[in-house]
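Data block below; observations after.
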Amino acid sequence: MDKRVAIITGAAKGIGKAIAKRMINENYITILVDVDKENGETLANNLGNSAKFISCDISNENEVKSLFDSVKNEFGRIDVIVNNAGIIRDNVIWKMPVEDFDKVVDINLKGTWLMCKVAGTLMREQKKGRIINIASRAWLGNIGQSNYSASKAGVVGLTRVLALELGKYGILVNAIAPGLIDTPLTQKLPEDVQEKLIQAQPTKSMGQPEDIANAVAFLSNENTQFITGQTIYVDGGKSIGAGL
Ligand SMILES: NC(=O)c1ccc[n+]([C@@H]2O[C@H](COP(=O)([O-])OP(=O)(O)OC[C@H]3O[C@@H](n4cnc5c(N)ncnc54)[C@H](O)[C@@H]3O)[C@@H](O)[C@H]2O)c1
């Protein structure tokens with residue numbers, strides 16, 4: 001089996017969909033993972049023979065294990081995983097129900113950790129692999145996102161630890177921190193809020209899902225070596241935080 005294999009979570013829409021399309025163009029067998037079966041299956045069918053949809057809730061250990069079992073059995077290798085699936089449940093802390101903290105941490109952090117645990121174990125045996133975690137610029141802090149920012153700060157910490165633990169096995173682990181990106185997630189925000197957020201960017205623009213897919217293509221490229229444990233901001237400069 002010569003073709004490289006990439007697994008993308010949250011691939012049914014938004015940023016994950018753009019990453020999946022890009023990985024197909026980069027000549028990977030691309031496994032689209034999502035809980036949204038309808039959109040995931042339709043997309044995989046449209047992307048052709050190199051795309052395959054597998055339904056999996058990344059916060060469920062048994063589903064994650066069976067996802068990797070079926071990929072390993074069918075393709076015999078896993079070259080890249082992109083942990084992109086994530087959710088928001090925003091509110092200021094005094095109005096945030098504990099259930100919304102639990103749900104966000106369960107998917108964004110525990111789900112990403114579970115994917116890394118199983119993928120890292122397989123890649124350690126292969127002595128090769130790339131793990132790319134989609135964090136968020138919001139890990140630096142955002143009002144109304146105590147659950148989300150904490151979960152994404154956890155993803156940055158997880159990325160750094162795995163770079164330390166897996167580096168000697170030929171595995172590079174990095175995170176991408178998107179800023180404001182035009183996806184179904186941000187399209188749900190009221191228009192005046194979207195406009196306010198756009199104005200908070202030095203570029204005065206929203207990023208596109210393809211901007212994140214570009215960074216994934218760079219980090220997963222075989223020519224990209226010696227970068228690990230890093231968080232790359234794709235955020236129109238917002239993380240600079242100066243004078244805005
Ligand atoms: N859009 C932005 O501005 C932005 C900014 C920073 C970071 N991010 C991060 O980028 C990632 C993608 O965001 P998006 O805007 O494309 O979101 P989106 O809501 O458009 O897509 C997320 C996808 O993840 C899937 N998903 C949710 N829970 C899942 C689970 N338990 N198991 C498997 N799949 C699951 C959803 O069904 C959906 O298809 C997220 O991790 C998000 O936190 C987005």
Side-chain angles (χ1 to χ4, degrees), residues 8-19 33-36 56-60 64 81-116 131-162 173-201 206-209 211-212 215-216 230-241 244:
I8 321 296
T9 69
K13 53 174 115 50
I15 292 171
K17 178 177 171 178
I19 296 170
V33 173
D34 209 294
V35 285
D36 178 349
C56 168
D57 174 354
I58 60 155
S59 64
N60 180 310
V64 169
I81 67 159
V82 184
N83 290 309
N84 164 78
I87 61 162
I88 52 171
R89 294 277 189 281
D90 294 353
N91 220 327
V92 282
I93 198 162
W94 56 92
K95 291 185 188 163
M96 186 179 287
V98 173
E99 297 74 40
D100 284 359
F101 176 85
D102 285 345
K103 188 76 187 157
V104 166
V105 171
D106 210 40
I107 293 175
N108 296 7
L109 181 55
K110 193 191 85 182
T112 301
W113 181 87
L114 274 172
M115 289 289 298
C116 287
I131 297 176
I132 300 167
N133 294 325
I134 305 300
S136 171
R137 187 223 55 93
W139 86 275
L140 297 171
N142 248 6
I143 287 175
Q145 295 198 311
S146 58
N147 52 358
Y148 182 78
S149 294
S151 74
K152 294 299 189 176
V155 169
V156 171
L158 169 67
T159 303
R160 293 167 62 98
V161 170
L162 296 189
V173 190
N174 290 291
I176 295 169
L180 187 66
I181 309 292
D182 188 8
T183 70
L185 188 138
T186 43
Q187 284 153 12
K188 280 183 214 142
L189 298 168
E191 258 178 47
D192 59 323
V193 176
Q194 283 189 37
E195 193 46 41
K196 223 171 129 189
L197 291 171
I198 287 170
Q199 292 311 317
Q201 247 77 237
M206 247 194 201
Q208 295 304 312
D211 295 319
I212 308 304
V216 169
Q230 303 306 305
T231 297
I232 297 183
Y233 291 89
V234 183
D235 70 344
K238 185 151 187 233
S239 52
I240 299 164
L244 291 166

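For clarity, every value in this text was computed on a predicted model and none was experimentally measured.
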Exercise. For the residue pair Val64 and Met115, what are the closest heavy atoms and their distance?
Worked result: CG1-SD, 4.0 Å
Exercise. Who passes side-chain hydrogen bond (donor to acceptor under 3.5 Å, both in side chains) against Ser149, sequence neighbours left out?
Worked result: none
For this session: Answer yes or no: is there a side-chain heavy-atom contact under 4.5 Å between Lys152 and Asn108?
Result: yes
Exercise. Tell me, do Asn142 and Arg137 make a side-chain contact under 4.5 Å, heavy atoms counted?
Worked result: yes
For this session: For the residue pair Ile131 and Asn83, establish whether any side-chain heavy-atom pair is separated by less than 4.5 Å.
Result: yes
Seminar exercise, completed: By side-chain hydrogen bond (donor to acceptor under 3.5 Å, both in side chains), Glu195 pairs with (sequence neighbours left out) Gln199
For this session: Please list all pairs passing the side-chain hydrogen bond (donor to acceptor under 3.5 Å, both in side chains) test where one or both residues lie in residues 97-106, with sequence neighbours left out.
Result: Asp106-Lys110
Seminar exercise, completed: By side-chain hydrogen bond (donor to acceptor under 3.5 Å, both in side chains), Asp182 pairs with (sequence neighbours left out) Gln187
Exercise. So, Asn133 and Thr159: side-chain donor and acceptor under 3.5 Å apart, yes or no?
Worked result: yes
Exercise. With a 4.5 Å heavy-atom cut-off, do Ile176 and Val216 have their side chains touching?
Worked result: yes
Seminar exercise, completed: Residues at least two apart in sequence or cross-chain that pass side-chain hydrogen bond (donor to acceptor under 3.5 Å, both in side chains) with Ser136, listed by chain then number, are none
Exercise. Ile181 versus Thr186: any side-chain heavy-atom pair under 4.5 Å?
Worked result: no
Seminar exercise, completed: In short, side-chain hydrogen bond (donor to acceptor under 3.5 Å, both in side chains) pairs touching residues 85-94 with sequence neighbours left out are Asp90-Gln145
